[in-house]
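Remarks on the structure that follows.
Each ligand, and each atom within it, is numbered from 1 in the order the structure gives. All values derive from a computational prediction rather than experimental measurement.
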Amino acid sequence: MDGELPGDRPCGRSATIEKYTAFAPLYDLLSAEYPVYGAGRERLVELLGFRTGDQVLDIGCGTGMNFPLVQDRVGPGGIIVGVDRSAQMLAQARRRAVRHGWENVILIQADATAFSAEQISVEVTRDGGRPFSEVTLATYALSLMQQWENAWETMQQLTVTRGRLGVLDMQRPTGPSALLTPLARTACWLGGADIDAHPWKALERDSADVRSASARGGHLQVRVGSKPR
Ligand SMILES: C[S@@+](CC[C@H](N)C(=O)[O-])C[C@H]1O[C@@H](n2cnc3c(N)ncnc32)[C@H](O)[C@@H]1O
């Protein structure tokens, strides 16, 4: 039985047919976190420079694999708002939060390409819809969304001026690692991601103070920036 969090709030369109529905309980096990994808997550979190007490928005949060790294940095005085359209992935995120005794996690079921930023903001802040997030991130999520530009727009709207934004996503490996392209393509195909979407380009275009990192032969691309005035 799922543990309930005080912050759980249903919002937006309910999930339709979900690629992640059936595999949600196995996601952490099958996601190749330790050999491959955790490396990008760690780089992103380092570059984002979290501060104690930060309010954080994680778009396409899935099972909450970012949450432990974020919790370590923001502490119990911070807040993590996780948005995902899959109820099953959110159920796993909720289990994680309950298991760790985190009471500062708010989970919202919504389609990140279609929800209204104001609606999410009202849900979180209860005071009329203003940007609330000091750090907004999307990890291995935007490339799954056909209209990821909409999600990126909303990420920016929900971020305070000078707040930090981060995108971690995948591309074809480069250099000698290009030999591994078939493997990378298969991994993206299995996960429903478009390996050629390159959503971090929107962050490069729209943000100030952009910093970059990559890992695993260029397969993992990290971009961090701040929301300009
Ligand atoms: C590959 S998983 C990544 C999960 C997590 N961010 C991580 O780093 O492990 C992609 C997640 O994006 C979610 N997702 C896909 N399209 C979405 C959308 N339009 N709105 C919200 N979440 C979406 C999926 O349900 C899934 O949980």
Proximal atoms of ligand 1 relative to [X] (non-hydrogen, under 4.0 Å):
{"X": "R41", "value": "7 (C), 8 (O), 9 (O)"}
{"X": "A112", "value": "18 (C), 19 (N), 20 (N), 21 (C)"}
{"X": "A110", "value": "20 (N), 21 (C)"}
{"X": "S86", "value": "25 (O)"}
{"X": "L144", "value": "10 (C)"}

Ligand 1 versus [X]: contacting region, heavy-atom distance under 4.0 Å:
{"X": "A114", "value": "neither"}
{"X": "M89", "value": "side chain"}
{"X": "Y140", "value": "both"}

Problem - Polar side chain donor-acceptor pair, S133 to T159, under 3.5 angstrom - result: no

Problem - Check: T113/D111 side-chain N/O donor and acceptor closer than 3.5 Å - result: yes

Exercise for the section: Decide, yes or no, whether a salt bridge links R172 with D196 under the criterion of side-chain N to carboxylate O below 4.0 Å. Expected result: yes

Run the side-chain donor-acceptor check on residues 61-74: report pairs under 3.5 Å with partners two or more places apart or on a different chain.
unit_1 : atom_1 : unit_2 : atom_2 : d
T63    : OG1    : D28    : OD1    : 2.6
T63    : OG1    : R96    : NH2    : 3.3
N66    : OD1    : R41    : NH1    : 2.7
N66    : ND2    : D58    : OD2    : 3.0
N66    : ND2    : T139   : OG1    : 2.8
Q71    : OE1    : N104   : ND2    : 3.1
Q71    : NE2    : N104   : OD1    : 2.8
R73    : NH1    : L69    : O      : 2.8

Exercise for the section: Could you tell me if any non-hydrogen atom of F115 lies under 4.0 Å from any atom of ligand 1? Expected result: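 Per 4.0 Å heavy-atom rule, F115 does not contact ligand 1.
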
Exercise for the section: With sequence neighbours excluded, give me every ring-ring contact (aromatic ring centres under 6.0 Å, His included) pair touching residues 147-198. Expected result: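 Checked against ring-ring contact (aromatic ring centres under 6.0 Å, His included) - neighbours excluded - the pairs reaching residues 147-198 are H198-W200.
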
